[in-house]
Structures are given as C-alpha cells and as structure tokens.
Q: 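The structure under discussion is supplied below as structure tokens; questions concerning it will follow.
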Amino acid sequence: MARHLITSAIPYINGIKHLGNLVGSQLPADLYARYMRARGHEVLFLCATDEHGTPAELAAAKAGKPVAEYCADMHAVQARIADGFGLSFDHFGRSSSPQNHALTQHFAARLAEAGLIREVAEKQVYSHADKRFLPDRYIEGTCPNCGYDKARGDQCENCTKQLDPTDLIDARSAISGSTDLEVRETKHLYLRQSELKGELDAWIDSKRDWPILTTSIAKKWLHDGDGLQDRGITRDLDWGIPVRKGADPWPGMEGKVFYVWFDAPIEYIACAGEWAEATGQDDAAWERWWRTDKGAEDVRYTQFMGKDNVPFHTLSFPATLIGSGEPWKMVDHLKSFNYLNYDGGQFSTSQGRGIFMDQALGLLPADYWRWWLLSNAPESSDSEFTWDSFQNTVNKDLADVLGNFVSRITKFCRSKFGEAVPDGGSYGADEAALIAELTDRVARYSEMMDAMEVRKSARELRAIWACGNEYLQRVAPWSTFKTDPDQAAAQTRLGLNLAHLFGTLSAPFVPSASQRILESMRVEMTSWPDDVEAFLAQLPAGHSFDVPEVLFAKVTDDAREEWKARFSGAAPA
RNA sequence: GGCGUUAUAGCUCAGUUGGUUAGAGCGAACGACUCAUAAUCGUUAGGUCGGUGGUUCAAGUCCACCUAACGCCA
C-alpha cells in the first residue's frame, strides 16, 4: 500500500466554474483519487477555494456583501456543486483559512531570512474615489495608439498594443469611472526566484515522465528572453493575508497583503492542516503528508491543473518551498491539461457562453458529464464540447453498452431463473477466452489509470464493457436455455458476475452508476479485480440480486436541440 | 516578432526507443440475433499519415524548410 497526496488546482472564488475548468483539474484529480482508493492505497485528496485578490473584492461589492461574507457564501456554493459532481475531496478548504495565513507568513519569513526577498519601489495608480490602488487592468482610457476609448491599463483590446496605465489618455477607474487618479510610489516585496533558476532547471530536468505540456511550459519560462523573472508577491489591498514576517510585523509593509499567487499554492499545505483540524487530528496527522522529515518521504504527490497554472506550480511554488530551506514535500508528478472549447469557441464566463457546473447538474446526473468530459479530456491538445458528440457518446457508451448490459443480463436471469444467481453447468472454452481477454484488458486499464492516461483509460474501460455484450451475443443463453438449461445457467452466472466486475471497474469514472450496479447486485465495493478469474467467482449460485431501474436514460434529440439553443450564449432570453 | 502545441480514414482520436499488409470508437453499408433502454453482435468500408527535401537497408515515427490552426510571451 502506497500513500498518495493528490491536489487539484484550486478554483477562484468569484463564481461558479464551467465545464472547462472542471475537466482541467478537479475531475481528473478525482478520477485518480478514486482509483487509488479503490486499489487500497492511502489517499489524501485536497482542494480549496482561492479567495484573495481584486476580482473577489469586486465580485463581493457587486453582490452587495462584505468580501469575507461573500467568500464564505461562495465557498459553500462551490462545495455543494463539487459534491454534486461526486468530487471526493478529503477536504475542501479555503485559502483564507487561519492555517494559510500562518503558513504564508511563515514562508515569507523563511524566504526573507534566506535572502530571497527584496523590496522594490514602484509607481502605481491610486484612485481616491475607490480608496484603493488599481491593478493595471482596472484602469481604462483612450488608447494613444489607435484611439479606442475602452483600452485597459495593461493592453488595448482593440489594437493589442501593450500599455502602461500612464499611457492612457483620460484614464479612469474601471470600477467607479472616477478620473480622480494619482500615481503614487509604493513598495513591494519580490520573490527572487531567479536566484533559484539553476536548481529549478535541474529539478524540472529530473522529471522525465511529466507530460510534454508541463515541461515545455516550465522550460519556456525558465529560458525565454531574460530567463526566469522575479515576481512581486505583495499588493496594496485590504482582502488578503497581511504581510508579516512570521508572527512579527514587517516594517514598511503595513497595510499590504500577499499577492494571491503567492498564498494560493501554499493553501495546498494549509488545506491539509484544515483537514486535520476538521477531523479532530493533531499537526502530526497532516505533517506526515507534507514534511519529509515527519513521515512524508514515502508519499507520492500528484498535482492536476490546466495549462495556465503550470508556471506557478513548476516554478514559483517550488521556489517558495526550496527557498524556505525546510524539508517540504515537492510534487512528484504534475498532470496538466489543455483547454476545453465549447462548440467552436471558448467557454466564456462574461458572455455566458458554454455550460457551468450548476447548470450541467440541472440537466443530467453527474455521471453523464463525468464520462463525456473524462473520455474526451484535453490531454494532447485542446478539445471541443459539442452537443452532438455529447449525446452520441453518452447514449452509446453509457446507455447502450454499459447500462443495457446490466439490464439485459439481470432481466434475462429473472425471467428464466428468478432473481438469484443460477446454479448448474460449468465453464468451457468461451468462458476461458472471455476471462483471458478480460484479464488482459483489466491489466491494461489499470496501467493506463496508474499513468493518468485519462482518455486511454476510458477507452479501455469501454472495451471491457463491450466484452460483456460480445460474450452474451456469442454464447446466446436465450438459445442455450432451450436445449441445455444448465449450460444457460452457467452463462448467466458469469454474466451476472460481469455486472459486478463492471460496477467495480467503472467506479472512478461513473461513481453513482457504479454504486447502483453494486447495490442491485447486493455487493459492497471491495477489492480491485487484479485476479479477474477469482473476481468473477464472487457471486456464487444462490446469491440474490435486484433488477435495477434504467441506469442511463438516453438524451433525446429534442433535449439536445433545446440545450444547444439555450447555451449558445446568443441573445439572452 | 519569439516560442510552444497540433496537423493520421467523413467525425473524434491511438500510433512505444524508426522495421513485415497504418489501428480504435463513432457515423455509413450489409448481415446475425431477439435476452435487453429498437439495445446488442459480426463483416465491410482501401486514408499518397499537412507539404517539400534530406538521413537510413528501412520513416507516420529522426533532421531541415514551408503551410495551416490554436495558444503563450514580447
């Protein structure tokens, strides 16, 4: 038994995430966590909400709530939706937790002691009306290059020219519209990650089995242009973790907070602390997952994220851990994903384009979405959601191949032998061939799951389901029954055991349906079927079962068309 | 402009360190079966592996250049 620490990139607090966000991190992380648990390994699967920063403050203001209250509410909303999707976090934490405050300040102190923090004086735009410094993108004005009047302080969206806020003509706050702006000098802390460039480079080089997507992004940031740049890790905001040197004040940094990108990854660690607290355990309980001097040296740590998060996880966060000089557990495998597009374009939160997690659950059970998303995960390149593909895939794979298999074998048995596994007959060449094929396929499926090859795993699982239908078609117990009822009984017995096998193997992908299959077969989820032959003998003659209701109702053409229209992002109804 | 990813049958994609007739699922056509959510199973469908030029006894699989899509950065 191994120990697996698994984290999903933590979703930002300001709203409900869309399916693209889901498939890029939380869902594959859940797949892996469920699989590892099913194999009998010890798993700690953590996720949290990323709560700090300007967008959270603005979203709270828009909602008319204090930011702390807004974040608490949205955390509850995201937690409920995650639960709806069957995301099996051991803990769903918050980056605003006391644990993260303490840990973030601790890391900053350690980095300062190591000489890896420097102060930089910068000029930033202050808005008197908003009583705050404005990030570049929250300043609007007329582009000096093309005259577009809604250019942002970082870039003009019309002519794409890169801008400084001070370049803008008639600059105004994007928040209040106020033009009462002032350029002020302010000091910030920078993480000198360029000092660690060599170490990070060597570390990345040692990760030969990471996805190309991951290492190519990391290498680019390390070597592109002038190489790895130092990053500001503080901001002039109210909402965040106050800049302190451990428990002590940080002279000159009063009223400032750490930048969200500094504290967010630290939440992976803090979240383990939150988990320990929530489950009534002491610090040693979480430290054995995170401190290699306190029991974590045999932990295998895997992170899941979309490609936009890779630089922070391969460079900035490791720089923080290495720079601390303390024995923190570093990531062992970093599985990254490309983007999921929606029907010819990108998912868009602002334009309401695409499908959001809460809406998805309002249409169909989570298993439908899990199956489509995982079996089409954007691993090698961006992939695209279309309603036609979704309907076709879930109807064919889930309803026709898996659902119908369980249905046909249980109903056949009920009509000929009653609702218990029939006795009599024995296995012959057909059964041996089936068991041999399944042994081979289950081994390959397990290999693919170990390797986090999501699409390939899904494909292999589907092939395993198809084996059940192929077997029934080949031996045709409905025909055998007429001439040799004992032989038909043996075939049916094997068929029912196949349902048990499928229920177990499918659990990481479609946990609810798997649960229903196992319940109707009246068995608990037990061991992983490494020995297929032995596993297929677990339901003995006489074992009673129930015929389940339809496992997967099909998506109709009418529903597909209605949803396609409803989620087009065109004129809102 | 720099960099990266991708470009394989109508569609979605597999194709280990280069090596016999390039594979799967879906769709399509035909056939079988009738237990089942009109579900299933089988057979077939002949794609110059984006283009050009190289390396090699041998390249979809390595190299160079080109083209296209997407993305990141400046």
Side-chain angles (χ1 to χ4, degrees), chain A residues 154-155 160-163 208-209 211-229 306-311 336-341 344-346 371-372 375-386 388-417 422 430 441 444 447-448 451 453-482 488 491-492 495-496 499 513 547-556:
Chain A
D154 55 346
Q155 184 179 30
T160 74
K161 183 176 174 57
Q162 301 286 310
L163 300 171
R208 307 303 303 179
D209 61 337
I212 294 170
L213 183 65
T214 303
T215 49
S216 68
I217 291 173
K219 283 293 185 181
K220 193 177 87 62
W221 280 60
L222 276 167
H223 300 296
D224 206 37
D226 297 328
L228 186 60
Q229 301 297 301
K307 59 185 172 186
D308 51 327
N309 275 330
V310 169
S336 56
F337 290 85
N338 287 285
Y339 293 140
L340 178 69
N341 291 319
Q346 297 193 336
W371 179 253
W372 190 90
S375 58
N376 291 281
E379 288 178 300
S380 57
S381 64
D382 291 355
S383 65
E384 176 165 316
F385 178 93
T386 64
D388 291 347
S389 165
F390 177 74
Q391 179 198 29
N392 188 54
T393 300
V394 298
N395 283 357
K396 194 74 191 168
D397 295 351
L398 298 181
D400 295 348
V401 177
L402 175 60
N404 184 51
F405 173 80
V406 176
S407 185
R408 68 192 295 202
I409 189 62
T410 52
K411 287 183 179 175
F412 175 76
C413 184
R414 179 174 62 184
S415 72
K416 304 298 186 205
F417 302 103
D430 285 321
R441 288 195 179 278
R444 200 149 53 220
E447 265 177 48
M448 290 300 112
E453 291 280 1
V454 177
R455 301 173 78 126
K456 289 179 182 173
S457 298
R459 189 206 291 200
E460 196 59 50
L461 179 58
R462 187 195 181 285
I464 288 169
W465 297 337
C467 283
N469 285 313
E470 290 165 19
Y471 171 72
L472 288 188
Q473 212 63 32
R474 186 162 59 245
V475 301
W478 47 90
S479 297
T480 317
F481 184 77
K482 296 169 188 166
Q491 293 162 346
T492 304
L496 291 166
V547 173
E549 293 301 305
V550 168
L551 285 168
F552 297 100
K554 292 200 192 189
V555 175
T556 64

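From a predicted model like this one, the values you see are computed outputs, not experimental measurements.
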Q: Tell me whether the OP1 or OP2 atom of C26(B) has a side-chain N or O from Arg462(A) closer than 4.0 Å.
A: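 Result: yes.
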Q: Using whole Å, what does the distance between atom P of nucleotide G23(B) and atom CD of Glu460(A) come to?
A: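 Nearest whole value for this atom pair: 18 Å.
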Q: Atom CG of Asn395(A) to atom P of A38(B): distance rounded to whole Å?
A: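 In whole Å, A38(B) P and Asn395(A) CG are 12 Å from each other.
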Q: Taking atom C1' of C41(B) as reference, at what distance in whole Å does atom CZ of Phe405(A) sit?
A: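 Value for this atom pair: 13 Å.
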Q: Using a cutoff of under 3.5 Å, can you pull out all pairs of nitrogen or oxygen atoms linking the protein to nucleotides 11-14 of chain B, with atom names and distances?
A:
residue : atom : partner   : partner atom : Å
A14(B)  : OP1  : Ser380(A) : OG           : 2.5
A14(B)  : O4'  : Arg459(A) : NH2          : 2.9

Q: Compare the minimum distances between each of C26(B), U40(B), U37(B) and the side chain of Lys411(A), then state the nucleotide with the smallest one.
A: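 Minimum distance to the Lys411(A) side chain belongs to U37(B).
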Q: What contact category does Ala476(A) fall into here, base, sugar-phosphate, or nothing, at under 4.0 angstrom with non-hydrogen atoms?
A: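 Since no nucleic acid heavy atom lies under 4.0 Å of Ala476(A), the category is nothing.
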Q: Please report, rounded to the nearest Å, how far the P atom of U34(B) is from the CZ atom of Phe481(A).
A: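 Those two atoms, CZ and P, are 15 Å apart.
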Q: Under the 5.5 Å and 30° test, is Phe412(A) stacked on the base of C35(B)?
A: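 By the stated criterion, Phe412(A) and C35(B) do not stack.
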Q: Between U37(B), C41(B), A36(B), spot the one nearest the side chain of Leu551(A), thanks.
A: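 The closest nucleotide is U37(B).
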Q: If we take the P atom in both U43(B) and C26(B), what is their distance in whole Å?
A: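 The same atom, P, in both gives a distance of 12 Å.
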Q: Would you mind classifying the nucleic acid contact of Phe552(A) as base, sugar-phosphate or nothing, using non-hydrogen atoms under 4.0 angstrom?
A: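 Base contact.
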Q: Need the pair for A29(B). Rule: Watson-Crick or G-U wobble, both distances under 3.5 Å, any strand; none if unpaired.
A: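 Paired with U43(B).
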Q: Whom does C3(B) pair with, Watson-Crick or G-U wobble, provided both distances fall under 3.5 Å?
A: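 Its partner is G71(B).
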Q: What interatomic distance, in whole Å, is found between C1' of A7(B) and the corresponding atom of G15(B)?
A: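 Nearest-Å result for G15(B) against A7(B) at atom C1': 15 Å.
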Q: Looking only at side-chain atoms of Lys396(A), point me to the closest of C33(B), C26(B), U37(B).
A: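 Among C33(B), C26(B), U37(B), the one nearest the side chain of Lys396(A) is C26(B).
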Q: Is any side-chain N or O of Lys554(A) closer than 4.0 Å to OP1 or OP2 of A39(B)?
A: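 For Lys554(A), the contact criterion (side-chain N or O under 4.0 Å from OP1 or OP2 of A39(B)) is met.
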Q: On a whole-Å scale, what distance lies between the P atoms belonging to U20(B) and A58(B)?
A: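 Those two atoms are separated by 14 Å.
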Q: Considering only the P atoms, how many Å lie between A14(B) and U21(B), rounded to the nearest integer?
A: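 Their P atoms lie roughly 24 Å apart.
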Q: Using the C1' atom as the point on both nucleotides, what is the distance between A36(B) and A24(B), in whole Å?
A: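 To the nearest whole Å, 26 Å.
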Q: To the closest 0.5 Å, what do you measure between CD (Glu460(A)) and CZ (Arg444(A))?
A: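 Glu460(A) CD to Arg444(A) CZ: 4.5 Å, rounded to 0.5 Å.
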Q: Nearest to the side chain of Ser479(A), heavy atoms from C-beta on, is which of U37(B), U34(B), C41(B)?
A: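 From the listed options, U34(B) comes nearest.
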Q: Counting only Watson-Crick or G-U wobble pairs whose two distances fall under 3.5 Å, which nucleotide matches U37(B)?
A: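 Checking every strand shown, U37(B) finds no partner, since no pair has both distances under 3.5 Å.
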Q: Take atom CH2 of Trp372(A) and atom P of G25(B), then tell me their distance rounded to the nearest Å.
A: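 The answer, rounded to whole Å, is 20 Å.
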Q: Taking side chain to side chain donor-acceptor pair (under 3.5 Å) as the definition, give me every residue that meets it alongside Asn469(A), ordered by chain and number, with sequence neighbours left out.
A: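 Residues passing side chain to side chain donor-acceptor pair (under 3.5 Å) with Asn469(A): Arg408(A).
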Q: Is there a donor N/O on one and an acceptor N/O on the other, under 3.5 Å, for the side chain of Asp400(A) and the base of A39(B)?
A: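 A donor-acceptor contact between them is absent.
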Q: State the pairing partner of G60(B); accept Watson-Crick or G-U wobble contacts with both distances under 3.5 Å, and report none otherwise.
A: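 By the stated definition (distances under 3.5 Å), nothing pairs with G60(B).
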Q: To the nearest angstrom, how far is Phe390(A) atom CZ from C26(B) atom C1'?
A: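 Rounded to whole Å, this separation is 16 Å.
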Q: What does Asn392(A) touch in the nucleic acid at a heavy-atom separation under 4.0 angstrom: a base, only the sugar-phosphate, or nothing?
A: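 Answer is sugar-phosphate: Asn392(A) comes under 4.0 Å of backbone atoms only.
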Q: Mind telling me whether Phe385(A) and Phe390(A) have parallel, tilted or perpendicular rings, with 30° and 60° as the class edges?
A: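 Ring orientation, 0 to 90° scale: tilted.
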Q: If I pick the C1' atom on A32(B) and the same atom on C49(B), what distance separates them, to the nearest angstrom?
A: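 Going atom to atom, C1' in each nucleotide, I get 35 Å.
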Q: Checking Lys307(A) against Asn338(A): is there a side-chain donor and acceptor pair closer than 3.5 Å?
A: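 The answer is yes; a qualifying pair exists.
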